[in-house]
Structures are given as structure tokens and as C-alpha cells.
Participant: 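Sharing a structure, written as C-alpha cells. Questions coming.
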Amino acid sequence: MRIAVLSDIHANRLALEAVLEDCESQDIERYWFLGDAIGYGPEPVAPVLWVKYYVKPGDWVLGNHDLMARDLKSTSTDTAPEAIMTAKRHLVELQKNEEAYSFWLDGFGHDASNPAEHTIDGVDYVLVHGDQFAMRYVYAWSDLFLQRIFERLYVQSSKQKRPRIQLFGHTHIPTLIKSHSIKGHPLAEEPIDTLAFQYEVVKILPGETYDLDGGISLLNPGSVGQPRDLDHRAAYAIVNTEEHTVTFRRVEYDWQAVCDALRDASYPDSLRIRLIRAAPPKETPNEWLTHYERSSEEIRS
């Protein structure tokens, strides 16, 4: 089965439409969505209706922006003001569309923030936005988080006697991290306190296909609507469950038109700047900045 994995659409209709058009040429049989349909962008109705019509119940989870819009009163005091303002505006826009707002009320409840799990072709897939038990940012250089996440996945995988892949979003950066235990296989029969995981952190390139190796992996398809790896193009991934591979796709779209729409609708300038720069987080190590720069240079050439 070929499954298109999308995340972090962020109310970017043009980016979503470009990705769906690309999917039509990729023999996609199913969609998984890892959260954040709204937030940041100017058009929240389209991604909400896409979830309703194209993503089956149980094949998607809520992101932090989706959750925040559901319960603004409990929003943390350290949440960016632009995010709170955008969420409020998106609720107003959704209320103007009866179909979208009805689905928002019925489907975007807190139950949808729980991990979604599927077993396909002998592999367990767990869908989350940040992590299974926290809305944290997980990067390729997050060594402490990675060790804990892989230990948890190892326990879960050993219990089920199947390989396990955790698909996540939230960072807006395409990511693939694969682990091997000290015995060379993530399902080795060793007590958890004696295992030391070694990671294969893949510096992925757009359009490339990578083996999932039948072990334990972390996979982020990147962001459809607001990439943060110096590449303006919309990002998504295709998981081939029969071949146990993942292909990272990038799709051109008119991101400048989205910037214009944000300006015309008087959204904060910072949201346009995020699209214009497609900048990684400030704490990104130089090694990864160099990789993103080289990748973007290859694209321009």
C-alpha cells in the first residue's frame, strides 16, 4: 500500500492543493495526517474539509494549533501572541462555512490528540504530532529525547514482536532516524537497561527513497504549509508498506501568493517572514544548516 503522509498544513490551501495534485500521479491509496490543519496561514476551511473527505477516521491526529483553537481559554501564557490571534481568526473563518465548522466541532475533539496506530504488512505504525506522550519538538540532533523515544518504541515493539515506526510532525522538517540495538537488531532479546541504541540519522534529499529496514524508526514528512529547512516547496512523504520504504516528496506552489494573501488580510508580518525565509530553528547545529543550504542550492541549480 502506498500511503501519503501529510503534516502541518497550517491553513495553506495552495500548498495543500499542490500536494494533492502531486499525489494523483503517485498511485496513492490512503492518506495519513499528523496534525495542525490550521494556524499561521490565511485559509483554514480547505484543510479541515480535506481531512473530512480524504482522511479516514483513525488515520489522523490533532496538532498543537488545532488543540489550541479548540480551547483558547486554557492556552499557555508562553504561547506566541501571533498563534493565539491566528487561531481566533481561523475559528471565525470556520464559522462562516457550516460544513467545515460542523466537522470541526464534531471531529476535532481532544480524543483525536491521542496516538493513532495501525498494523500493515507486519509493521506497526504509530501516528503522533510531537511524541506519544508530549507535544515536544523532536529533531535529528535531539539526543536525549531520541534515546528515550527509542527505548519506549523498543519496549512496545518487543511486546508486539513487530517492527515499529513512529510518524510525527511539529518540527516542519523532513526527518528519518533509524535505530539499531547493541545486538544489531532493534528486536534483540536484551533487558532494556542493558541496551544502548545507535542511531542512523539520515540526511535526506528531496525525491529520494529510503529503506525502513524492518526495524524501529522515526519519520517526519515535513510541512505542507510552512517548511523550515530553507526549501519553500511543500513537503510530504510516501510510505510503501509492502516494500518498507519511504520517499520524501517536495512540490512547487505559489508561496508568494500566500504571502500576499496574509498581507491583504492583515495577518502579522512575522507569518509572511516565516514563509519567505523557510528558516530552521535558531538552535539548529551548523552541520544541519550546511546540509539544508546545500540541498537548497542543488534545487536552485
Side-chain angles (χ1 to χ4, degrees), residues 4-10 12 14-16 18-19 22 34-36 39-41 63-65 80 82 129-131 136-146 149 165-179 199-212 217-239 245-256 258-259 262 269-301:
V5 185
L6 282 64
S7 188
D8 297 279
I9 300 171
H10 283 297
N12 189 332
L14 293 183
L16 175 60
V19 165
D22 189 70
L34 307 180
D36 275 353
Y40 296 137
N64 56 303
H65 285 260
E82 65 181 15
H129 185 66
D131 189 21
R136 61 167 56 100
Y137 291 96
V138 179
Y139 295 104
W141 54 88
S142 304
D143 292 337
L144 179 60
F145 283 161
L146 291 177
I149 291 170
I165 298 173
Q166 181 165 305
L167 300 97
F168 68 104
H170 201 32
T171 68
H172 298 213
I173 296 175
T175 306
L176 178 60
I177 308 169
K178 302 186 284 187
S179 79
Y199 309 123
E200 178 186 354
V201 181
V202 181
K203 286 186 168 63
I204 62 174
L205 294 173
E208 294 296 318
T209 298
Y210 301 90
D211 291 329
L212 295 173
S217 299
L218 292 174
L219 193 165
N220 188 323
S223 172
V224 171
Q226 195 192 83
R228 296 178 186 170
D229 59 349
L230 301 178
D231 186 342
H232 291 105
R233 298 179 299 171
Y236 79 104
I238 300 173
V239 171
T245 62
V246 58
T247 303
F248 291 89
R249 301 282 297 172
R250 298 306 282 255
V251 184
E252 297 279 1
Y253 79 99
D254 193 351
W255 58 269
Q256 292 173 317
V258 180
C259 289
L262 287 167
D269 290 341
S270 58
L271 299 183
R272 290 190 295 109
I273 292 172
R274 290 193 184 200
L275 281 179
I276 292 169
R277 294 179 177 175
K282 294 180 180 179
E283 65 271 20
T284 304
N286 288 334
E287 172 188 359
W288 285 93
L289 289 174
T290 299
H291 168 64
Y292 299 146
E293 290 170 355
R294 288 175 177 172
S295 297
S296 62
E297 287 173 0
E298 290 179 7
I299 294 164
R300 288 194 295 269
S301 62

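Index from 1, following the sequence. Please read these numbers as outputs of a predicted model, since none were measured by experiment.
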Participant: Do I173 and Y292 have side chains that get closer than 4.5 Å, going by heavy atoms?
Facilitator: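 Yes, side chains in contact.
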Participant: Measure the CZ-OG1 distance between R228 and T284 for me, rounded to the nearest 0.5 Å.
Facilitator: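 The CZ atom of R228 sits 10.5 Å away from the OG1 atom of T284.
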Participant: Check the pair W141 / E287 against side-chain contact (heavy atoms from CB on, under 4.5 Å), numbers first and verdict last.
Facilitator: CA-CA 10 Å; W141 54 88; E287 172 188 359; over 6 Å; no
Participant: How far apart are the closest heavy atoms of W255 and I276, and which atoms are they?
Facilitator: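 Closest approach of W255 to I276: CZ3-CA, 3.8 Å.
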Participant: Once the angle between the rings of Y40 and H10 is folded into 0 to 90°, is it parallel (under 30°), tilted (30 to 60°) or perpendicular (over 60°)?
Facilitator: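 Ring orientation, 0 to 90° scale: tilted.
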Participant: If you define the side chain from C-beta out and look only at heavy atoms, does anything of P221 sit under 4.5 Å from L167?
Facilitator: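 In short, these two side chains do not touch, never coming nearer than 4.5 Å.
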Participant: Within the distance-only criterion (no hydrogens, no angle test), does the side chain of D36 pair as donor or acceptor with the backbone N or O of N64 below 3.5 angstrom?
Facilitator: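 Yes: the side chain of D36 pairs with the backbone of N64.
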Participant: Do you know which two heavy atoms are closest between A15 and G225, and how far apart they sit?
Facilitator: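 For A15 and G225, the tightest heavy-atom pair comes out as CB-CA, 4.2 Å.
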Participant: Check whether any side-chain N or O of R274 sits under 3.5 Å from a backbone N or O of Q226 as a donor-acceptor pair, and report yes or no.
Facilitator: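 Flag not set: sc R274 to bb Q226 has no pair under 3.5 Å.
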Participant: Is the closest side-chain donor-acceptor distance between N220 and T171 under 3.5 Å?
Facilitator: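 T171 and N220 do have a side-chain donor-acceptor pair below 3.5 Å.
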Participant: Is there a side-chain contact (heavy atoms from CB on, under 4.5 Å) between Y210 and L205 once you walk through the steps?
Facilitator: CA-CA 10 Å; Y210 301 90; L205 294 173; 3.9 Å; yes
Participant: Are the side chains of W288 and K203 in contact, using a 4.5 Å heavy-atom criterion?
Facilitator: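 They are in contact (side-chain heavy atoms under 4.5 Å apart), so the answer is yes.
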Participant: What I'd like to find out is whether the side chain of Y253 reaches to under 4.5 Å of the side chain of N12, using heavy atoms alone.
Facilitator: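 Yes, side chains in contact.
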Participant: Has K178 got a side-chain atom pairing as donor or acceptor with D211's backbone, closer than 3.5 angstrom?
Facilitator: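 Side chain of K178 to backbone of D211: a pair is present.
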Participant: Nearest 0.5 Å please: distance from the CD1 atom of I149 over to the CD atom of Q166.
Facilitator: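 Interatomic distance, I149 CD1 to Q166 CD, rounded to 0.5 Å: 6.0 Å.
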Participant: Compare all side-chain heavy atoms of L146 with those of L218 and state whether any distance is below 4.5 angstrom.
Facilitator: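 Contact flag for L146/L218 side chains = yes.
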Participant: Do L230 and E293 come close enough that some side-chain heavy atom pair is under 4.5 Å?
Facilitator: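 L230 reaches E293 side chain to side chain.
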Participant: Check for a donor-acceptor pair, side chain of H232 on one end and backbone N or O of P227 on the other, with a separation under 3.5 Å.
Facilitator: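 Absent.
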Participant: For I165, which of V246, V239, L212 qualifies under side-chain contact (heavy atoms from CB on, under 4.5 Å)?
Facilitator: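 When V246, V239, L212 are each tested with I165, the side-chain contact (heavy atoms from CB on, under 4.5 Å) holds only for L212.
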Participant: Walk me through it: do V138 and T175 pass the test side-chain contact (heavy atoms from CB on, under 4.5 Å)?
Facilitator: CA-CA 9 Å; V138 179; T175 306; over 6 Å; no
Participant: Decide yes or no on side-chain contact (heavy atoms from CB on, under 4.5 Å) for D131 and F145, but give the supporting numbers first.
Facilitator: CA-CA 10 Å; D131 189 21; F145 283 161; over 6 Å; no
Participant: For a quick test of reading the model, state the closest non-hydrogen atom pair linking L262 to G41 and the distance between them.
Facilitator: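 Between these two residues, the closest heavy atoms are CD2-C, 3.9 Å.
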Participant: Is the shortest heavy-atom distance from the side chain of Y139 to the side chain of P281 under 4.5 Å?
Facilitator: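 A side-chain contact under 4.5 Å exists here.
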Participant: Of all heavy-atom pairs between A18 and V251, which one has the smallest distance, and what is that distance?
Facilitator: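 In terms of heavy atoms, the two residues are closest at O-CG1, 3.5 Å.
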Participant: Is D8 close to L34 at the side-chain level, that is, under 4.5 Å between some pair of heavy atoms?
Facilitator: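 When only atoms from C-beta onward are counted, D8 and L34 do not touch, as no gap falls below 4.5 Å.
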Participant: Can a donor-acceptor pair be found, under 3.5 Å and without considering hydrogens, that links the side chain of H170 to the backbone of G35?
Facilitator: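 Not at all, since once roles are kept as given, no pair shorter than 3.5 Å links the two residues.
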Participant: I need the F248 CZ to L219 CG distance, nearest 0.5 Å.
Facilitator: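 CG of L219 is found 4.5 Å from CZ of F248.
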Participant: Under a 4.0 Å threshold between the charged nitrogen and the carboxylate oxygen, would R250 count as salt-bridged to D229?
Facilitator: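 Looking at R250 together with D229, the answer is yes, because their closest N to O distance falls below 4.0 Å.
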